[in-house]
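Here, residue 1 is the first one in the sequence, and each next residue gets the next number. Whatever order the structure lists them in is the order used to number ligands and atoms, beginning at 1.
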Amino acid sequence: MLLAIESSCDESAAALFDVESYLKDGKSLSESLVSHGISSQIDLHKTYGGVVPELAAREHLKNLPVIVEEVLSLASEKRGQKISMDELSAIAVTQGPGLKGCLLVGVSYAKGLSMQLGLPLIPVNHLEGHVLSALLCETLQSEESVFPALCLLVSGGHTQLLYCKAPGSYECLASTMDDAAGEAFDKVGTLLGLSYPAGAAVSALARKAESKDLVLPIGVPGDDSHFSFSGLKTAAVRMIQAEQPNIEKDPSRVSDIAYALEVAIVEALSRKLERVLKGELYSGAEKPKSLFLSGGVAANERLRNSLAEIANRYDLQFLVPRMEFCTDNAAMIGVGACVRLKREPELLESENIGSYDFPVLPRFPLSLVSSLGVV
Ligand code: KG4
Ligand code: ZN
């Protein structure tokens, strides 16, 4: 059994995978996931309008042992027999990117547990976890048939379009020059009176829109190979100011602004993706077989529908994780570790146990994963 731990931002999370079934019996990742749990700190940070790093780190210290106990007891319930720490054969933990104090708490906890139990410890890149979380898709037939893949990774901190030749090899085709897509949802959503993180609430409001007359700008004038959401944010601020008299008359007008915001963000992401697929922004690589959508913003229904439609048109297999695995979770960290163990089973051998000497990496771009040559 593999225990995965995530603590890079404001969610303390743990997951258990039957890694032996995955590696030896050919079970899929979603069949091998035994239990998972998340202890969210959203309510704690809400009052501050964003995550307070120091508070978040202290919460992880308190929550991690509790959530680990919880996933062990969920696994015991599911299996009908006691699953304890003795059943563990490996531990995986988020090494970065993320908030330094939060990563330090998670990695120190995982190191302590691994040393105490004499188990291998596998550090995982949080972004790689998001990308590979698409492999938890229940409809996935075979992992081998999905690569190379294009991946749109959209979270609160990142907006990247990646070419993934195979797990461990990531090339960034486009990324944001300023705000991330999730950040645009959060910042404008906050101005609309919604609490942080506002993405899901913006989306819920947008569904109630009655009038679709408001339009926000899409795309980056001048530089086409990147995303940019700061212009959209400024335009949204102006729109909110201009619409104030209408909002006062009819508060439901905010739904129309939320709709305009969601449409503009989804369009900006979809158009760039189509340009890549048409070979306008990138060519020469082997044609992708599938399209992944991952990260917190992948929970957005309009975006999921738009990308499903594009994948269909370009004859790509479309993989998107279940809603609960879009935002930060530990199952995605477990997936990163399981997939790596498939490539490097020697990490489980006794002579490799004990290599606990790795740092946390608050900045850890996916290009570094590729250059470490883990493929
Ligand atoms: O991946 P994630 O949990 O954390 C980071 O690593 O950043 O992503 C969180 C982001 C937040 O910006 C949140 O507003 C956004 O995902 N989000 C959504 C939705 N659900 C979460 N954005 C749009 N629509 C949603 N349904
Ligand atoms: Zn994340």
Exercise. Atom 13 (C) of ligand 1: which of Asp186, Leu261, Asp328, Leu127 has the nearest heavy atom?
Worked result: Asp186

Exercise. For ligand 1, which atoms have a heavy atom of Ser155 less than 4.0 angstrom away?
Worked result: 1 (O), 5 (C), 6 (O), 7 (O), 8 (O)

For this session: Name whichever N, O or S atom of Asp328 ends up nearest to the Zn ion (ligand 2).
Result: OD1

For this session: Give the C-alpha distance, both sets of side-chain angles, the deciding distance and a yes or no for side chain to side chain contact (heavy atoms under 4.5 Å, CB included) between Lys212 and Tyr259.
Result: CA-CA 7 Å; Lys212 303 191 171 156; Tyr259 175 82; 3.3 Å; yes

Problem set entry | For Gly157, atoms of ligand 1 separated by under 4.0 Å from a heavy atom | 7 (O)

Exercise. In ligand 1, which numbered atoms sit nearer than 4.0 Å to a non-hydrogen atom of Gly182?
Worked result: 12 (O)

For this session: For Ser230 and Asp179, test the side chains for any donor-to-acceptor distance below 3.5 angstrom and give the result as yes or no.
Result: no

Exercise. Do the side chain of Ser89 and the main chain of Met1 share a donor and acceptor less than 3.5 angstrom apart?
Worked result: yes

Seminar exercise, completed: Note: ligand 1 atoms sitting under 4.0 Å from heavy atoms of His126 are 6 (O)

Exercise. What residue and heavy atom of the protein are closest to atom 20 (N) of ligand 1, and at what distance?
Worked result: Gly296 O, 3.5 Å

For this session: Could you tell me whether the side chain of Leu121 reaches within less than 4.5 Å of the side chain of Phe358, counting heavy atoms only?
Result: yes

Problem set entry | Nearest neighbour of atom 23 (C) of ligand 1 from the list Asn300, Val202, Asp10, Leu303, on a heavy-atom basis | Asn300

Exercise. Between Leu291 and Leu319, is any pair of side-chain heavy atoms under 4.5 Å apart?
Worked result: no

For this session: For atom 19 (C) of ligand 1, find the nearest protein heavy atom and state the residue, atom name and distance (0.1 Å precision).
Result: Ala200 N, 3.6 Å

Problem set entry | Ile240 and Val254, any side-chain heavy atoms less than 4.5 Å apart | no

Problem set entry | Centroid-centroid under 6.0 Å between Phe325 and His36 rings | yes

Exercise. Where do Glu274 and Arg271 land on the salt bridge (Lys or Arg N to Asp or Glu O under 4.0 Å) test, with the steps shown first?
Worked result: CA-CA 5 Å; Glu274 277 224 63; Arg271 283 190 193 178; over 6 Å; no

Problem set entry | Residue and atom name of the nearest protein heavy atom (relative to atom 18 (C) of ligand 1), distance in Å to one decimal | Gly199 CA, 3.6 Å

Exercise. If Ile, Leu, Val, Met, Phe, Trp and Tyr residues are connected whenever their side-chain heavy atoms lie under 4.5 Å apart, and connections chain through other members, are Ile218 and Val263 in the same group?
Worked result: no

Problem set entry | Region of Glu301 that comes within reach of ligand 1 [heavy atoms, distance under 4.0 Å] | neither

For this session: State plainly whether the residues Glu20 and Lys24 are in salt-bridge range, i.e. N to O under 4.0 Å.
Result: no

Exercise. Using heavy atoms and a threshold below 4.0 Å, how should the contact between His130 and ligand 1 be classified: side chain, backbone, both, or neither?
Worked result: side chain

For this session: Considering heavy atoms of the protein only, find what lies nearest to atom 10 (C) of ligand 1 and give residue, atom and distance to 0.1 Å.
Result: Gly156 N, 3.5 Å

Exercise. Within Cys9, is some N, O or S atom less than 2.8 Å away from the Zn ion (ligand 2)?
Worked result: no

Problem set entry | N/O/S from His158 sitting under 2.8 Å away from the Zn ion (ligand 2) | no

